[in-house]
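Residue numbering restarts at 1 for every chain, and letters A, B, ... go by the order of the sequence lines.
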2 protein chains.
Amino acid sequence: MSKTPQKNTRKQRHAATIHDVAERAGVSPMTVSRVVNGGKNVRESTRAAVMAAVGDLHYAPNTAARSLAGAEGARVGLLYSNPSVSFMSEVLIGALDESSRQGALLVLEKCAIGDAAGELAAARKLTAGGVTGVILPSPLCEHPAIVAEFTQAGVPIVAIAAGFANGEMSCVRIDDFKAARDMTRYLLSLGHRRIGFIKGQQGTTSSNERQRGFEAALREAGIGEAPMAQGCFNYRSGLEAAEKLLAQRPAPTAIFASNDDMAAATVSVAHRMGLDVPGDLSVVGFDDTAIAATIWPELTTIRQPITDMARVAIDLVLASIRAREAGGEAGPVDHLVLHSLIERQSAAPPAMIA
Amino acid sequence: MSKTPQKNTRKQRHAATIHDVAERAGVSPMTVSRVVNGGKNVRESTRAAVMAAVGDLHYAPNTAARSLAGAEGARVGLLYSNPSVSFMSEVLIGALDESSRQGALLVLEKCAIGDAAGELAAARKLTAGGVTGVILPSPLCEHPAIVAEFTQAGVPIVAIAAGFANGEMSCVRIDDFKAARDMTRYLLSLGHRRIGFIKGQQGTTSSNERQRGFEAALREAGIGEAPMAQGCFNYRSGLEAAEKLLAQRPAPTAIFASNDDMAAATVSVAHRMGLDVPGDLSVVGFDDTAIAATIWPELTTIRQPITDMARVAIDLVLASIRAREAGGEAGPVDHLVLHSLIERQSAAPPAMIA
DNA sequence: GAATTGTGAGCGCTCACAATT
DNA sequence: GAATTGTGAGCGCTCACAATT
C-alpha cells in the first residue's frame, strides 16, 4: 500500500474517503459520488467496480462534508398519532438517532388520535413543508386518505409496525400472526385450555393478524371455541372486555389481550374481583410498552424491537429518496424483524381444577 | 449594503457566515472563531465587537463545516438508570435532538437500577470512552461516587430534575417544592381536608422537596397532621402505601402520591376496595409519565417539561465543554423551568360527608 | 517573552459545467 | 445528440503556524 506522504498540518484521518474509493475503482471521485447516491447515468460495470471498492474499504460518506457541499439534506416527515406514548417514544428515539447519523432532517408532526380531518391536515402540513419522504407508524399507515396525500405528492412512505405489506409502500414490521401464535402456544404449554382473547382495534390489520395467530394456535391444539371480546387498544376498552370475559362460565384461566394497555386493565379487573394474578388468572399482553414493566405483577408480553425498526425505516426512506432524486425507483420493501416473548410474572400454569 | 457579486455556480446561501461576522467586526474569521468558541486569548474589546456583530447578523456556526474542519466534536455522555421508561424516553428525545442539532455526539450508557457497582462501572466506561461532558438524570446525580468519578476526570456534569442545586454541578429542574404545594392547594381548593401523602424514595432531594411542599400547603390551610406512608417510586410500593393510608380512620378523601406509578397503584387499590375514583377518593400523581394518561380514570398530575429540560441540559454541558477546552471556566448554573398542573379525571370535590 | 491577531491550507464532499465516448 | 465520465471550484469552518503588538 503506497500512501502519498501526508502533511503533518492535520491530524491523521482513518476512515476511507471518496478519493480512496475512486482511486481503488479507477474512476473519478464524482463517479463514486454518483454511484453512492444512486445516480442514473452510470454504466453498470462502473457501478459494480465502485461498489466493490466501497465494500473493500468499508466506505461510508461523511455526512458533514456532504451537507457542507450543498447536498440537499433529505427532509423526512414523521407523522404520529399513536395512542401509546412509549411506543412513540421508541419510534422517536430510533428515528431521531438514525436521521442525525445520516445527516437527514426529521420533521415531526403530531395529530390527534382518530381525528380524520386533523390527520389529513397534519399530512398536508408535511407535504407543504417539502418533506421528501415520510415515516408512518401504525395505525396511520392504514388510512387511505393520508397515504393518498403522500403518494400524490410523490413522497415515498415507509410504514412502521403495519401488520401487513401491500404493494403501495415499504414497511418494517414483525410478523404479528406468528407472534400471537407463539404467545398462545406458550399459554397452552403452561397447561391453559380456556383462554380468553381481547381483540384490538377493529379493522386494523395488525389486530386481525394477532387474532388469526391466536386462533391458529388453538386449532393446532384441537381447541375449537374460545371466549373473545372486542377492545380498541386502550385501557378503558380493556376494562370492559375483561369484565365480559371473566363473567363467562366456565371462566377462562388465562386472558390474552392484543396489547399491554388492555392487559393491564385486565389485571386491574381481576384484582377488583379478588382474583390473584397469575394464581387464579394468567394475563398476557402484546407490545412490551412501559406499562408492562410498571404494574404489578409485571406483564408477560411480546416485544417488538421498535427502536431498531424505526432506524431501519429511516434507512429505507432515505434510500428511496436518493433513488428518486437520481431518477431511479425501487419497488416497496417488506422488512420483517424478529419479535420476542418476554416472560415476566403475569402468567403461570392454571390452578388445579377445583 | 454593497455585496460582492456572487458567482452563479452555487445556490445562494442566506445565513450569515463567519466571514460576514468578521467583516462587520473588522477582524479576521479566525478571531471570530475564537470568540464564538470561548477562546481565552482575546482582548475584551475585540470580543465585544465580535459578539455585537454576531448578534446583529444572528450568526450561528454551521455545524457541518465545523466538524468537517476537524473541530473535535463534543462527546456527551448520558448515564441512565431511571426506573421510569417514559421519563427516560423524554430525556432521550430532547437530548438526542439537541445534540444532533449542535453536532455533538451523544453516548448513551444504561445501568441497572440501584446497583451501585454497576452504576460506577457504567460511569467509568463513559470517562474511559473519552466523554467531555455528561448529563445525569435524577436520581444518579445524587450518588456521590458517580459524581466523584466525573469530577475527578474533569468532566463537567449537568443534572436533570435533580430537585436541588448545589455548588458542584449545573442543574436543570422544576421547583419540586412549589409544584407539590400547587398540587396540594388544588386538592384543598376542591374541598379536601383529609389528604393522604405517599412519599417517594427515601433520601432523594426531590422526594423531600415534594413532601415539604405538601406540608407547607397544609400548614397554610391550618391543617396540622396528615396521614403519610413511605413509598419508593414504584408501583408495588404504591400498592402497599395506599393500603395503609386507606385503612386509616377517618379515611382520607384524597391521596397525593409522589409520582404517577404510585398514584396508578393507588387507583388500583381503591378499585379493589370498591371505591370509585374520583367519586369516593381523589388520587393525584406527579411527573405526567405515560401511565398517567393510560389508565382509567386518567391521572391529574404535575408535568415537568422533560424534553425541553434535556435540551437545556445539552446546551449547558456543551457551553461548559467549550469553555473548558478554551481555558475558561464558568460556575455551575441552576436552571429552573416551569411545571404545570395537568387536570384530568382522577380528582374531584370530596363526597358529602355521610 | 507573552498575549493577541492573522494567513494559508485543507477537511470530504457535490455543484455546474466541460469533455469524452 | 444522448449517455457517461471528469474537472475545478467552492461549501464554512478550524488547523498549525506565522506575524504582530
A.B. asks: Once you round it to whole Å, what is the distance between C1' of dT14(D) and CG of L68(B)?
C.D. replies: 11 Å
A.B. asks: Please give, in whole Å, the distance from dG8(D) C1' to H19(A) NE2?
C.D. replies: 11 Å
A.B. asks: Can you tell which of dC13(D), dG12(C), dC15(C) lies closest to the side chain of M30(A)?
C.D. replies: dC15(C)
A.B. asks: If I take atom CG in residue D20(B) and atom C1' in nucleotide dG12(D), what distance separates them, rounded to the nearest angstrom?
C.D. replies: 10 Å
A.B. asks: May I ask you to say what T63(B) touches in the nucleic acid, namely base, sugar-phosphate or nothing, with a heavy-atom cut-off under 4.0 Å?
C.D. replies: nothing
A.B. asks: So, taking the atom named CG in D97(A) and the one named CG in L92(B), what distance separates them when rounded to the nearest 0.5 Å?
C.D. replies: 9.5 Å
A.B. asks: It should be established whether S67(B) places a side-chain nitrogen or oxygen under 4.0 Å from OP1 or OP2 of nucleotide dC13(D).
C.D. replies: no
A.B. asks: Can you check whether Y59(B) reaches I18(B) side chain to side chain, under 4.5 Å on heavy atoms?
C.D. replies: yes
A.B. asks: Between C141(B) and M169(B), which heavy-atom pair has the shortest distance, and what is it?
C.D. replies: O-CE, 3.4 Å
A.B. asks: Does a nitrogen or oxygen in the side chain of T31(A) sit under 4.0 Å from OP1 or OP2 of dT5(D)?
C.D. replies: no
A.B. asks: Counting Watson-Crick and G-U wobble pairs with both distances under 3.5 Å, what is the dot-bracket string for DNA chain C, 5' to 3', using [ ] for crossing pairs and | for pairs to another strand?
C.D. replies: .||||||||||||||||||||
A.B. asks: Please name the residue in the list V32(A), N37(A), V36(A), T31(A) that meets the side chain to side chain contact (heavy atoms under 4.5 Å, CB included) test with R34(A).
C.D. replies: T31(A)
A.B. asks: Would you indicate what P61(B) reaches in the nucleic acid, counting non-hydrogen atoms under 4.0 angstrom: base, sugar-phosphate, or nothing?
C.D. replies: sugar-phosphate
A.B. asks: Rounded to the nearest Å, what distance is computed from the CZ atom of residue R66(A) to the P atom of nucleotide dG12(D)?
C.D. replies: 19 Å
A.B. asks: Which atom names give the shortest non-hydrogen contact between L79(A) and L136(A), and what distance separates them?
C.D. replies: CB-CD1, 3.9 Å
A.B. asks: Check the pair L78(B) / V107(B) against side-chain contact (heavy atoms from CB on, under 4.5 Å), numbers first and verdict last.
C.D. replies: CA-CA 6 Å; L78(B) 171 52; V107(B) 185; over 6 Å; no
A.B. asks: Do the side-chain N or O atoms of S28(A) get closer than 4.0 angstrom to the phosphate oxygens (OP1, OP2) of dG6(D)?
C.D. replies: yes
A.B. asks: Pick the nucleotide of DNA chain D nearest each of A65(B) and G26(A); which residue has the one closer to the 5' end?
C.D. replies: G26(A)
A.B. asks: Please find the pair of heavy atoms, one from L126(B) and one from G77(B), that lie closest to each other, and give the distance.
C.D. replies: CD2-CA, 4.1 Å
A.B. asks: Looking only at side-chain atoms of V27(B), point me to the closest of dC13(D), dC13(C), dG6(C).
C.D. replies: dG6(C)
A.B. asks: How close or far is atom P of dC13(D) from atom CG of N37(B), stated in whole angstroms?
C.D. replies: 10 Å
A.B. asks: Just the rounded figure in Å: distance from C1' of dT14(C) to CG of N62(A).
C.D. replies: 12 Å
A.B. asks: Quick check for you: among dT4(D), dT14(C), dT5(C), whose closest atom lies nearest to any side-chain atom of N41(A)?
C.D. replies: dT4(D)
A.B. asks: What protein N or O atoms touch nucleotides 19-21 of chain C N or O atoms at under 3.5 angstrom, if any, and at what distances?
C.D. replies:
none

A.B. asks: Can you tell me how far C1' of dG6(D) sits from CD1 of I18(A), to the nearest Å?
C.D. replies: 13 Å
A.B. asks: Given that A16(A) and T46(B) both sit by DNA chain C, which one's nearest nucleotide is further toward the 5' end?
C.D. replies: T46(B)
A.B. asks: List the atom pairs, with distances to 0.1 Å, where a side-chain N or O of residues 150-157 of chain B and a protein N or O form a donor-acceptor pair under 3.5 Å, not counting sequence neighbours.
C.D. replies:
| unit_1 | atom_1 | unit_2 | atom_2 | d |
| --- | --- | --- | --- | --- |
| T151(B) | OG1 | V147(B) | O | 3.0 |
| T151(B) | OG1 | A148(B) | O | 3.2 |

A.B. asks: Should we count CE of M30(B) as having more than 12 external heavy atoms under 6.0 Å?
C.D. replies: yes
A.B. asks: Is the number of heavy atoms from other residues, nucleotides or ligands within 6.0 Å of CG (L338(A)) greater than 12?
C.D. replies: no
A.B. asks: Rounded to whole Å, how long is the line connecting atom CZ of R34(A) with atom C1' of dA3(D)?
C.D. replies: 11 Å
